[in-house]
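Contents: one structure, followed by commentary.
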Amino acid sequence: MSNGRYAMTIVADYISHMAANTSCRQFCIGVTASVRKHYLPFWKRDKQAVIDHLQQHPEERLCASAAVFSRLRREVWLVGDCQCLIDNQLYENPKPHEQKLAGQRAEKIQRLLAEGMTVDQILADDIARQSVIPQMLEDMKQQNVTYAVIDGFPIPQQRVPVITLDFQPWEVVLATDGYPFLSPTLQESEEKLSRQHETDPLNIGHFKATKGFTPGNNSFDDRTYIRFTI
């Protein structure tokens, strides 16, 4: 199981048991502690050494994002790079430097295409993505500094958007960032994703990403979609 998937199971279990009146701040503290417990077996050896190592190598942390709706508080919390639609108004919480790196990757791919490489060749071996990975790893050291994630380290509350809804009816969509064009229905979101796959599998055009569609996959990233009316 990958670090991200393992972290997801911890977060999902925590949410399933937390009190209905939990606040966003309480959630951030509680879910951080829940993830942090899974580092304890390593900390027993040399806690400070493990903390120092994880500070320098955030890619080795258990890490997840979560879009949470509190029915009691009528709030949506975006912890990490997830997104939501509320009556067709889009709310996003992207990583600060991701679009810059996506642009750098797109520029390198355009040069490779101009030099004669094919789309299929780049999809099979995305050397442009490989070229930005070192900076991606460096930027990850800003986790829970300039942007929020759930990784067992304290979450800065100011980096977590909280969207409060009044008591009129609202239609809410919560989703991961695997949907480049989030829409009011799952079908429309999937159709737009499929169209992106067909027209720009490298993700270097109107929508830019730090990776393209892996051959054989119908998506470039994990995706989750839920829609409800309150």
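Residues take their numbers from the sequence shown, with the count starting at 1.
Taking a 6.0 Å sphere around CZ of Arg74, one finds it holds more than 12 heavy atoms contributed by other residues, nucleotides or ligands. Around atom CD of Gln187, no more than 12 heavy atoms belonging to other residues, nucleotides or ligands sit under 6.0 Å away.
A distance of 11.5 Å separates OG1 of Thr199 from CZ of Phe207, quoted to the nearest 0.5 Å. Going from atom NE2 of His57 over to atom NE2 of His53 covers 5.0 Å, rounded to the nearest 0.5 Å. In this structure, the separation between CD on Glu60 and CG on Asn3 is 8.0 Å, given to the nearest 0.5 Å. The CG atom of Asp177 lies 5.0 Å from the CG atom of Asp221; values are rounded to the nearest 0.5 Å. Considering CG of Asp139 and OG1 of Thr146, their distance stands at 8.0 Å, rounded to 0.5 Å. Taken to the nearest 0.5 Å, the NZ atom of Lys108 stands 5.5 Å off from the CD1 atom of Ile127.
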Take Gln130 and Asp125 through the test side chain to side chain donor-acceptor pair (under 3.5 Å) and record every step on the way to the result. CA-CA 9 Å; Gln130 295 166 18; Asp125 183 16; 3.0 Å; yes

CA sep, side-chain torsions, deciding dist, call: Tyr14, Val11, side-chain contact (heavy atoms from CB on, under 4.5 Å): CA-CA 5 Å; Tyr14 179 82; Val11 174; 5.7 Å; no

As a quick check of understanding, evaluate side-chain contact (heavy atoms from CB on, under 4.5 Å) for Ile150 and Phe27, giving each step before the final call. CA-CA 10 Å; Ile150 302 168; Phe27 169 73; 4.3 Å; yes

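In this structure a side-chain-to-backbone donor-acceptor pair under 3.5 Å is missing from Lys37 to Ser34. Distance alone, capped at 3.5 Å, is enough to place a donor-acceptor pair between the Asn93 side chain and the Gly80 backbone. Gln135 places no side-chain N or O within 3.5 Å of a backbone atom of Val132 that could act as its donor or acceptor partner. With Asn144 contributing its side chain and Val149 its backbone, the two residues share a donor-acceptor pair below 3.5 Å. A donor-acceptor contact shorter than 3.5 Å is absent between the side chain of Arg159 and the backbone of Ala148. When atom types are taken as modelled, the side chain of Arg73 and the backbone of Asn21 share a donor-acceptor pair closer than 3.5 angstrom. A donor-acceptor pair under 3.5 Å is absent between the side-chain atoms of Asp151 and the main chain of Leu62, judged by distance alone. A donor-acceptor contact shorter than 3.5 Å links the side chain of Thr176 to the backbone of Asp222. With hydrogens and angles ignored, the 3.5 Å screen pairs no side-chain donor or acceptor of His197 with any backbone N or O of Leu193. Looking at Arg105, its side chain never comes within 3.5 Å of a backbone N or O of Ala128 through a donor-acceptor pair.
Ile109 and Met136 sit in two unconnected hydrophobic clusters of ILVMFWY residues. Membership requires side-chain heavy atoms under 4.5 Å apart, directly or through other members. Leu72 and Val68 fall into different hydrophobic clusters, defined by Ile, Leu, Val, Met, Phe, Trp and Tyr side-chain heavy atoms under 4.5 Å apart, directly or through other members. Taken together through direct or relayed side-chain contacts under 4.5 Å among Ile, Leu, Val, Met, Phe, Trp and Tyr, Tyr39 and Ile51 form part of one hydrophobic cluster. Hydrophobic clustering of Ile, Leu, Val, Met, Phe, Trp and Tyr side chains at less than 4.5 Å, counting indirect connections, unites Leu165 with Tyr91. Met8 is not connected to Met1 by any chain of hydrophobic side-chain contacts under 4.5 Å among Ile, Leu, Val, Met, Phe, Trp and Tyr, and they are in different clusters.
Using cut-offs of 30° and 60° for the angle between ring planes, the Phe181 and His206 rings count as parallel.
Closest heavy-atom contact between Cys82 and Ala66: SG-O, 3.5 Å. The heavy-atom pair separating Arg223 from Asn218 by the smallest distance is NH1-OD1, 3.5 Å. Taking all atoms of both residues into account, the shortest heavy-atom contact from Gly178 to Ser219 is O-OG, 4.2 Å. Nearest heavy-atom pair across Ile163 and Cys84 is CD1-SG, 3.8 Å. Arg227 approaches Pro184 most closely through the heavy-atom pair CD-O, 2.8 Å. When all heavy atoms of Ser189 and Tyr225 are compared, the closest pair comes out as OG-CE1, 3.3 Å.
Side-chain polar atoms of His97 and Tyr147 form no donor-acceptor pair below 3.5 angstrom. Using a 3.5 Å distance cut-off with no hydrogens or angles, the side chains of Glu190 and Tyr179 do pair a donor with an acceptor. In the model, Asp52 has a side-chain atom that pairs as donor or acceptor with a side-chain atom of Gln48 under 3.5 Å. For the 3.5 Å distance criterion, the side chains of Lys192 and Ser183 qualify, holding a donor opposite an acceptor. There is a side-chain donor-acceptor pair under 3.5 Å between Asp166 and Gln168.
Residues Val160 and Cys28 have side chains in contact (heavy-atom distance under 4.5 Å, counting atoms from C-beta outward). Residues Val76 and Val162 form no side-chain contact, since every pair of their non-hydrogen atoms from C-beta on lies 4.5 Å or further apart. Residues Phe153 and Arg61 meet the side-chain proximity criterion, which asks for heavy atoms closer than 4.5 Å. Counting only heavy atoms from C-beta outward, the side chains of Leu113 and Ile204 approach each other to under 4.5 Å. By the 4.5 Å heavy-atom criterion applied to side chains, His38 and Ile10 are counted as neighbours. Within the 4.5 Å cutoff, no side-chain heavy atoms of Pro94 are placed close to those of Gln99. Using a 4.5 Å heavy-atom threshold, the side chains of Asn203 and Phe213 count as touching.
Of the residues Leu123, Ile122, Asp120, the one that meets the side-chain contact (heavy atoms from CB on, under 4.5 Å) test with Pro201 is Leu123.
With sequence neighbours excluded, the residues that form a ring-ring contact (aromatic ring centres under 6.0 Å, His included) with Phe69 are Phe228. For Glu191, there are no salt bridge (charged side-chain N to carboxylate O under 4.0 Å, His left out) partners at least two apart in sequence or on another chain. Residues satisfying the salt bridge (charged side-chain N to carboxylate O under 4.0 Å, His left out) criterion with Glu138, sequence neighbours excluded, are Lys141.
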